[in-house]
Each structure stands twice: as C-alpha cells, then as structure tokens.
Amino acid sequence: MSDYRPQEIEQKWQARWAATRAFEVTEDRSKPKFYCLEMFAYPSGHAHVGHVRNYMIGDIMARTMRMRGYNVLHPFGWDAFGLPAENAAIQNRTHPETWTLDNIAHMKGQLQRLGISYAWERELATCLPDYYRWNQWLFTRLFQRDLAYRRRSTVNWCASCQTVLANEQVVDGGCWRCGTPVTERELEQWSLRITAYADELLSALDTLEGWPEKVLTMQRNWIGRSEGARVQFPIVPAGGGAPDAGEAIEVFTTRIDTIYGASFVVMAPEHPLVERFAAEAADGSALRAAAARFRAQDRSARMQGDVEKEGVDTGRSVINPFTEQPVPVWVGNFVLSGYGTGAVMGVPGHDQRDFEFARTYGLPIPIVVQPDGRMLTSETLDEAFDGDGSLAASGPYTGLRWDEANRQMTAAAEARGIGHGTVQYRLKDWGVSRQRYWGTPIPIIHCDRCGLVPVPDDQLPVLLPRVTDFTGRGDSPLAHIPEFVNVACPTCGGAARRETDTMDTFVDSSWYFLRFCDAHNDALPFDPAKVAYWGPVDFYSGGVEHAILHLIYSRFFTRVFRDLGFVTGGEPFTRLLTQGMVLRHGAVMSKSKGNVVDPDEMVGQYGADALRLYVMFVAPPEKEVEWTDSGLDGAFRFLGRVWRLADFLIPAVSAAPAVAGLSLDGDERALRHRTHVTIRRVTGDIDPRMHLNT
RNA sequence: GGGCGAGUGGCGGAAUUGGCAGACGCGCGGGUCUUAGGAGCCCGUGGGGAAACCCGUGUCGGUUCGACCCCGACCUCGCCCACCA
C-alpha cells in the first residue's frame, strides 16, 4: 500500500493540464454552454485563503459541469488599475506598472499550484492598453449618447486618497477604502447617467431568481424608488406683497395629501436660495453663519441622523398653494441637498422629523389626517401620525381616504400648473472622474472652439504615459505632463488640451465578463456572436461587499452594450453566490493584523487538495468561517484514508466482471447501488443545492 | 428606526425541506501496533440511567398521525440600509 503524496500527484496533473491546454474552450454548439466566473482579483501581491475559498467554489462548479457534458468557460483575470498600486509605488520607489505586473505573475503561480481549472489563454489585466482602450471606446459612445456628461457639483472628497468618490464608495460617511471622513468639494466631474436606467435596474431585479434575496433587497434599497409630487410654494418678496410669477421654492413630497398641514418649509443648508435670502435681508449674517455651521457639521454624523435637529428661520415666507396662507421658510440641518429638490414642506402632524422640528421651534402642528375610530388633537399629539386615515381640515378634500386624496391632489396640482407627480430615486448618477495616475485616461479633448471632443476610434487607445511622479496633489498627475496634455483638436486641428482625469476602476470591472468571451479581439470590445454564445454568466461568485457597487454597475453597463447592439438581454449574471469571508482570530485576514494564512505554505505542507477540501468543508459557502489549522489536518487525514482505501480497492475492482450487472453477488449489488445513490446525492449537493460543505 | 438572515453536542456543521435529529470533520476518552508515537488502524463520544427506557434542535404557545422544518408571540446574535421628505 502506498502513501498519499499530494505533491507528486498534483504536479503530475497540473503539468498535464497545462501541456494539453485542458481547460481551453471554443464555441462548440454541439454541447450546452456553461459560463462559470469568479470575481477577478485585485493583484495586491499575494493570494490569501479568502481568495482560495472563492476560486474553489467556482472550480467545483466548473469541473462538475464539465463532467456533466457542458462546454464550460472558466476564465480568470486581474482588476489591475487602482490606488493601492500607486501608494505602493510611492512607498517602494517603484512604478505602479512594475508593482502590478510583478504581483500578477506571483499570484498566477499561486493559483496554478492550487490546481484551479482556468482557461488561462483568456487571461486579461485591465491596466494593459488592449483592455483599457475599450473602456475608452465605450466612454466615447456614452458621451455621444449623453450618458457621459460633465457636471459641476458637490462631490465626495477623500483627503487621504486625494480623490473623488462615488456615492456608492462612501461608507458611513467615510472613504470605502481608507475610512477617512469624506468632505465635500466643488469640482467639474464626469458622470455616467446610470439614473437613465434606474427604473429598469429596479424592475428587472424581480427576474433574478438565482440571486440571494439579501442582494436583491440591498439593490432595491439603493435604487430607492419613491413616488410622489413636486410642488411649488410661491415666494413672498422680501418687502411683502404678492409673489412674483415663477418665484417659488419647489419641494418633493410623497404625501401631498398632507399639504393642508404644511405649516412651514425647510431648505437644506446648501440650497441656493439660502444665499439669496441672506443677500436680500437687512442683515443676512446670522442666516449665513447658521447655514455654514450646518454645512460644516460632521458629514457622517449628519448622514446617519446622529445630529440634533436644528434650524434657523430665514425670516421669509412662501405661500402654501393649497391653503393659500403664508408659511415661514427655515433652513434645517436634517434636509439633504442631494435628494429631491433639497427642500421639504414641514408637516409636523404626519412626519416624525417635522414633528420634532416643530416642537423644538414652537411651530404649529395641524392635524389633517385622522385615523379610523379615534380623534387626534394638536394638543395631545405626542408623535406624528403617519398611518392610514381620512383627511380632515383639508378644504374640498376633507373626508377622502389619504391615498385617494393623494391622487386627486396630485392631479389638481398638475391642472393648476403648480406641481406634478414624479418618481424620485435615491440612486444618483455615477461620478467617474479620478484625479489619479493609475487608471484609464478619459478619452476626451477640450477644444476652445469645438468644445468637448471625443478622441476618434482610430486614435485609441489614449496611452497612459509613463510618469514617475504621481504623488497625490489634488489634481491628476497627468496634468503635469505637457506632452500628454497638449494635443491638436481632432475636429478643427487647432491647439487643444486632453482631459487629465482617469476613470474610476469600477468602470474596468463593469464589463470584463463580456471581454472574457473574446479576450483578444483587437477590432471590437468583443464579438457579439461570441457573447451571444457564452452569455450571460451562468454562475458568478464573489464577496458580498460587491452586492451594490460592482453588481449594479455591471447591470448598467450590460444594458448600455445592449442598447449599442452588442448584447441581447440586459442581465449579466444568472446565478449569484456571495461567499462569506475567512476570518482568523475573529478578524479579516490582513497583513497589518498579521493573521494571514499563506496558501503556498499550506499547499507545501498538505497539498492543494487538502486545502481545497478544508476550505469547502468547514462551512456553507455563504457563511463566514473561522480558520483553524486542525481542520486542515483533518482534511489531510481524510484524503489519506480515501487514498489508502482506493489503493486497496482498485485491484479488487479491476478483477471484477467486465460487464456490469451480470453476475453481481449480494454485496456487489449493494455496493453498486450505494455507488449510484452517492453519485446522485453528491451531484445534487453541488448543483442545484450548492451545499459544497457536505 | 427599517430590511434580510440565523439560533441544533465541548467546537465547525449535517438532516436533499413535514418522516430514524446530530452525517462528515475537529476535539476528547479507551484500545491496537510500537524502542517510541504527536503516524496509521479499531472502538466510544447529546444528557440522564446498571438496564429497559426517558429527556433533548433559543423560550412560550399553536397546526399536524408526525415539527429542527409550518404558523403566532417573545428573547438573543449577525449582516445590510438608515433624517431619502
């Protein structure tokens, strides 16, 4: 009986897979296709067991489906642009490209020693021009369709990373990467109009039956659709008298039926009318100071509602268009400038925030919706009533159910030209400009005569120049390279300047799964026929931390490619598995915490199969796991037992009758039966059950 | 505050979804082989009991011939979102 020696076994087979290119595939129409994908890797330097776990999940699916006769595409690549490369380069006095490519080479070796069945010929790295030129190609299409546009706006700014962040990248008021509190900054930025697809991105979630409910819920909340109305409250001039035509504060409300109870209006401190009201006042300094103070309040606390509701009276009034009575205008720290119109009508009887605000400042609390079976009064109300009921003290609408009143009053506002029904999304357009070096140059030329001119296809890619000074200074390092910046306008030939910002790296990862279908196409981002064969991804696995960002951007980009005629259908991923993290000593593994488990060491000691078996066996794939060394010992011993058992059985099985079923005795029949029961069970545990730990 | 999910041995977890609770692994105990064993192999291992047997899936109720599984209430934990008008 021979011992189990994993290193010999694994090296032998890994060499054979490489020599025979065992996992390369073409569009073979005689077989059903299966596109199996794990989220590609950021080449940080070393694979850790968290990576191993994710790639094992995919490898099990890929190998199982191959054995079941599917034509399986299982590619891998590198999300290779991004800030860590730049920071590491500054620290180690190297270049981001050198650092990145070295890391890729090292990690690729690690993954190969794990025996994952990748089609390595399709490997891609987003930092290489043959990939990012298609980011640029796509960007020009977005620009031509008005889906990429420039916008001067208040942006989220990370002082540590010296760059702008998308809303999705602000976590608890801090930078998603480094946690530094995010501040606001006025910048001219490129944005992608993801909101044009908001309705579709939301409604199509209902079709994603292969996605975890948790992720669907998170995306629904993130898109945040609410139906309501915008209503104009005409502004009473500073000196009093009738409002001038067209002068109004517009508010957004989901409860226009409560408008008879709107006893004040509150604007966000960032609202443009704040400055105007201050300028028109005899002494606007107190108003200015208060608004400035609200703006400066800690952004994260303000966003999380941890700050006491505070406000200041502007001294001005607007006319409630339904009661036709004047109501005071306040500035409040709880009103968000980025949502709706940046101003709200205060209905303290039926909105808890307005209630608290009114209590604090002694504003009237009218009751205009009464619940069934009891009668609320302003005097006894101790919290806002926002339940079902019928309208009270609401002119001609009194007595109507609140939802019916909502419909009628929206229609009335439209008929009178003072408002309209609308759908408001929480989702905002995606700011993609980054003032950093290590990313895709935005392929736009600024010409004084022609305006914004996209770089023509035949001049793509706009190569990222090799600079050596990319210290963060608040503007793009590319802006300091005259050879890069100064360029002839493609339209008029005159002197013009290149855009010097680079793209958010989430652009890179929003379509790489399409590129894998045709990874080396140098005429198009991919051949639509190949994507028609392979797409959509049948099984996608990765960390739940991408439940919003990456997965919503990818759904957006897939629809853009659809509208460009390159893809049919809009959903990129049919089935999604979000795997849990691997912890050690209760914490995520990281170099700084010193709790990283190096897969190379484990492979050297126990072999890749024991490591693979252990990381799958220890818990269901969706769950977090706590790493234990003794569990890996157990997996190794288990494989040793399997080896010895097979070593003992194979001679006996080889001597058995060649024609199955003809002369099996009782034990043989029982064994055969057991074999097939096991095959059935194991198959079902992998697909569809995804119980990879059994 | 809202949403989603989970509570099963000393531990990680099974139970193919209403039909033998605790598969498999870790740990622990005993044995065997051995100069030695921290390798391998064998036996045991939810609790109580000498045994027959009894009790056991967070708590309390309900449905059912039958409940870890379904329903209601509560408790605890985890994750996500959160002043979104």
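Proteins get letters first, then strands, A, B, ... in listed order; numbering begins at 1 in each.
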**Study point:** Exceeds 12 heavy-atom contacts within 6.0 angstrom, atom CD of A:Glu227
**Key:** no
Review point. Between B:rG40, B:rA15, B:rA82, which one does the side chain of A:Thr694 approach most closely?
Key: B:rA15
Practice item. Pick base, sugar-phosphate or nothing for A:Gly634, based on heavy-atom distances below 4.0 Å to the nucleic acid. Key: sugar-phosphate
Review point. According to the Watson-Crick and G-U wobble definitions, with both distances under 3.5 Å, which nucleotide is paired to B:rU76?
Key: B:rA6
Revision key, fill the gap. The ring pair (Phe, Tyr, Trp, His ring centres under 6.0 Å) partner of A:Tyr197 among A:Tyr425, A:Trp430, A:Phe556, A:Tyr553 is A:Phe556
Practice item. Give the ring-plane orientation class for A:His350 versus A:Phe385, where under 30° counts as parallel, over 60° as perpendicular and anything between as tilted. Key: perpendicular
**Study point:** Base partner of B:rG19, which must satisfy Watson-Crick or wobble distances under 3.5 Å
**Key:** B:rC65
Revision key, fill the gap. Among the nucleotides B:rA14, B:rC81, B:rA85, whichever has the atom closest to the side chain of A:Phe252 is B:rA85
Exercise for review: Would you mind telling me which of B:rA15, B:rC84, B:rA85 lies closest to the side-chain atoms of A:Arg426?
Suggested key: B:rC84
**Study point:** Integer angstrom distance from the C1' of B:rC65 to that of B:rG29
**Key:** 41 Å
Review point. So which of residues 347-362 of chain A are in contact with RNA chain B, with a heavy-atom cut-off of under 4.0 Å?
Key: A:Arg353
Study note, to complete from the structure: Tested for side chain to side chain donor-acceptor pair (under 3.5 Å) against A:Arg555, the lone hit among A:Glu200, A:Glu571, A:His550 is A:Glu571
Review point. Distance from A:Phe638 atom CZ to A:Asp633 atom CG, nearest 0.5 Å?
Key: 15.0 Å
Practice item. Determine the contact category for A:Arg681: base if any of its heavy atoms lies under 4.0 Å from a base atom, sugar-phosphate if only primed atoms, P, OP1 or OP2 are that close, otherwise nothing. Key: base
Check your understanding: Which of these nucleotides, B:rG40, B:rG27, B:rC83, is closest to any side-chain atom of A:Arg644?
Key -> B:rG40
Review point. Which of the following nucleotides, B:rG27, B:rA85, B:rC24, is nearest to the side chain of A:Phe638?
Key: B:rC24
Check your understanding: Is the number of heavy atoms from other residues, nucleotides or ligands under 6.0 Å of A:Tyr339 OH greater than 12?
Key -> yes
**Study point:** Under 4.0 Å protein heavy-atom contacts per nucleotide of nucleotides 1-13 of chain B, with B for base, S for backbone only and - for none
**Key:** --SS-------BS
Exercise for review: List the atom of A:Asp429, the atom of A:Arg193, and the distance in Å for their closest heavy-atom pair.
Suggested key: OD1-CA, 3.2 Å
Check your understanding: Within the structure shown, what part of the strands sits under 4.0 Å from A:Thr628 by heavy-atom distance: base, sugar-phosphate, or nothing?
Key -> nothing
